[in-house]
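Everything below concerns the one structure shown next.
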Amino acid sequence: MTNNNVTTKYFPLSNPEKVESWGMSHFCESPVYHPKSIDEIKEILKFANDSKTRIVFRGGGCSYGDASIINGGIVVDMQSYNKILNFDESTGIIHAESGTTIKQIWEFAIEKGFWPPVVSGTMHPTLGGALSMNIHGKNNFAVGPLGEHVVEFSFLTGSGETIICSKEKNKELFYSFISGLGMLGCFLEIKLKLKKIYSGKMLVTPIPTKNLKEMFDEFVKHLPSSDYLVGWVDAFATGASLGRGLIHKANNLKEGEDPDFKENIKLKNQILPSTFFGVIPKSWMWMFMYPFSNKLGMRLVNWAKYIVGTLPFTQKVYKQGHAEFAFLLDYVPGWKKIYKPGSMIQYQVFFPENSAYTGMKEIFEHCHKKGMPSFLAVFKRHRKDNFLISHAVDGYSMAMDFPVSPKTRQKVWDMAYELDEIVLKHKGRFYFAKDSVMRPKVAEGFLSKEVVQKIKDLKKKYDPNNILQSDLYSRVFGNK
Amino acid sequence: MKNEHCIKLENMMHSAPFIQLTGLRASITEREAVMTLPVQEKLFHAAGAMHGALYFLALDNATFFAVNSIVEDVYVLTVDFNISLTKPIKSGIVTAKGKVIDQIKSLYIAEATLYDSENEVAGKGTGKFVRSKIKLTPELGYKL
């Protein structure tokens, strides 16, 4: 069949489908393609270039905002391009297609004694998606973002050229394609170095903190001795308790420290349980959470979580499986449905160390002033990196969930715009995987005019027909 | 919500020869329908942009099938359609989103908006529809 001069099986289009963002507050209704091979990806790209049709490459769809959706274009869902091609146990290097998910990788590697060097709070991002956003984990302060652990990758640019990149070969492109939001092309095959583990369990230490100041102090105290460090914050607390919460510090066991290594490392002992108390299917849990999905309910939930966390018997060091510790967002399947029909956005801010405490205090106080405290807030430590589009700082971040309803949507957006000013005032940064609200002037404000220009120049060079688009890119960088 | 009736309507629409010629594709749910249409040079007017007939095609089908999604026994008919074309379209795909906005006895009113590939509004349409006597049968392509 033909479309103008294009001969391709991708014409006629497939039926439009509703494709949602992770936070379910954005969606598009677009044709969706599911390529399984490099040839199919190339054919879609050729079709898009020849017919000037805009496309967005989508991985697991785990970006909270509109990074992997496109109104007015075609969604290319990469999840079927997902083979693990090779694994070298002597080096820990895994070679996989870019639609391979973090879930596939850890389930493949754990019994061999390996774990992904960086994972997100959910195991469903694809490698390509994770690298386009350059995701970080609860160990960002120690090991940097996922991109730092990539040995080599092949990349198909928007114009159809395949480029091999590593930290030595095409170095500048290595640091641009990773973090490039999928707007310069798509990852094809990726070689990633996994880390060796010597136990299926980690040692987890819970540490309650009375307020934000104590949260910072405890992080400083525990950073040098932690492999992972994450803080949960009760964003409803005010006054002297503002920013109170619970820290979870986790450490890998060293070689020989786990006498049950062979048993603990088995996949069956790592997979998250499908029921609570062995009875209630976890897929039902969100329905029990639904009555609490309002300000009063969430205030109660946050309060109870904090109080329980301060009880002496909950403060003991315990052992926890890697998946159980890492993938909190997968613990209750479908939890986001409690925010339906408007669903939610996440607003994550990154402050340099010297302004982090003041900045975060201002953020919390402003949310209270507006009567919209975050329903869930998470605190992390970070380090700087060299990628072109970087959210990283030598400092701290706070990720905050805000529910959105058709009635409150504009209010939430307006408050986020006000929070933007606080972040920029403190020389803070933002993370596109979480973003739903950023305006062009804010992007220029934290990335700098030079970096924004460089992104646009690279796009012109590697996607001359400007066919790679997402609603996020159009909103922040323009679609012309 | 997409039910069996909506899927049968989609199949019926896609089986029509004129629809196959244009490449129009549908997603139909209760009271709503979304159409996507590839922009093809062979369907341009002399001045080099998509012919207005295609605007009508996408908008009419978006409203028509939004209405037919709530009429489960017979084909509906367009009896009146007002259209405005606000922007020329030259490439990519266009998307028309239609929904039922009113029902007065046996008259259904639906409206649709047409978006270009930059998601900018390129046209709008409002139509009135009535029930016909044509039964929805497999012979029309109304089948799974």
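Quantities reported herein were computed from a predicted structural model and do not represent experimental measurements. Quick note on labels: first sequence line is chain A, next is B, and so on, each numbered from 1.
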For residues 73-80 of chain B, dump all side-chain donor-acceptor pairs below 3.5 Å to protein atoms at least two apart in sequence or in another chain.
| from | atom 1 | to | atom 2 | distance (Å) |
| --- | --- | --- | --- | --- |
| B:Asp73 | OD1 | B:Arg131 | NH1 | 3.2 |
| B:Asp73 | OD1 | B:Arg131 | NH2 | 3.4 |
| B:Asp73 | OD2 | B:Arg131 | NH2 | 2.8 |
| B:Thr78 | OG1 | B:Asp60 | OD1 | 3.0 |

Is there a side-chain contact between A:Asn15 and B:His14, using heavy atoms and a 4.5 Å cut-off?
yes

Report the option among A:Ser30, A:Ser474, A:Gly73, A:Ala48 that has the most heavy-atom pairs separated by less than 4.5 Å from atoms of chain B.
A:Gly73

Let me know if B:Lys90 has heavy atoms under 4.5 Å from chain A in its side chain, its backbone, both or neither.
neither

For the pair A:Ile74 and B:Ile93, evaluate side-chain contact (heavy atoms from CB on, under 4.5 Å) and give the outcome as yes or no after the intermediate values.
CA-CA 8 Å; A:Ile74 290 172; B:Ile93 62 171; 4.2 Å; yes

Which side-chain N or O atoms in residues 333-340 of chain A pair as donor and acceptor under 3.5 Å with protein atoms at least two apart or in another chain?
| from | atom 1 | to | atom 2 | distance (Å) |
| --- | --- | --- | --- | --- |
| A:Trp335 | NE1 | A:Leu329 | O | 3.0 |
| A:Lys336 | NZ | A:Trp22 | O | 3.0 |
| A:Lys340 | NZ | A:Glu20 | OE2 | 3.1 |

Any side-chain heavy-atom pair of B:Asn119 and A:Gln469 under 4.5 Å:
no

Between B:Ser91 and A:Ser51 the two heavy atoms that sit nearest each other are CB-O, 4.0 Å

What heavy-atom pair brings B:Ser27 and A:Pro16 nearest, and what distance separates the two atoms?
CB-O, 3.1 Å

Identify the two heavy atoms, one from A:Gly72 and one from B:Thr95, that lie closest to each other, and give their separation to 0.1 Å.
CA-OG1, 4.2 Å

Give, as side chain, backbone, both or neither, the part of B:Leu37 having an atom under 4.5 angstrom from any heavy atom of chain A.
backbone

Heavy-atom contact with chain A under 4.5 Å, split by part of B:Ser117
both

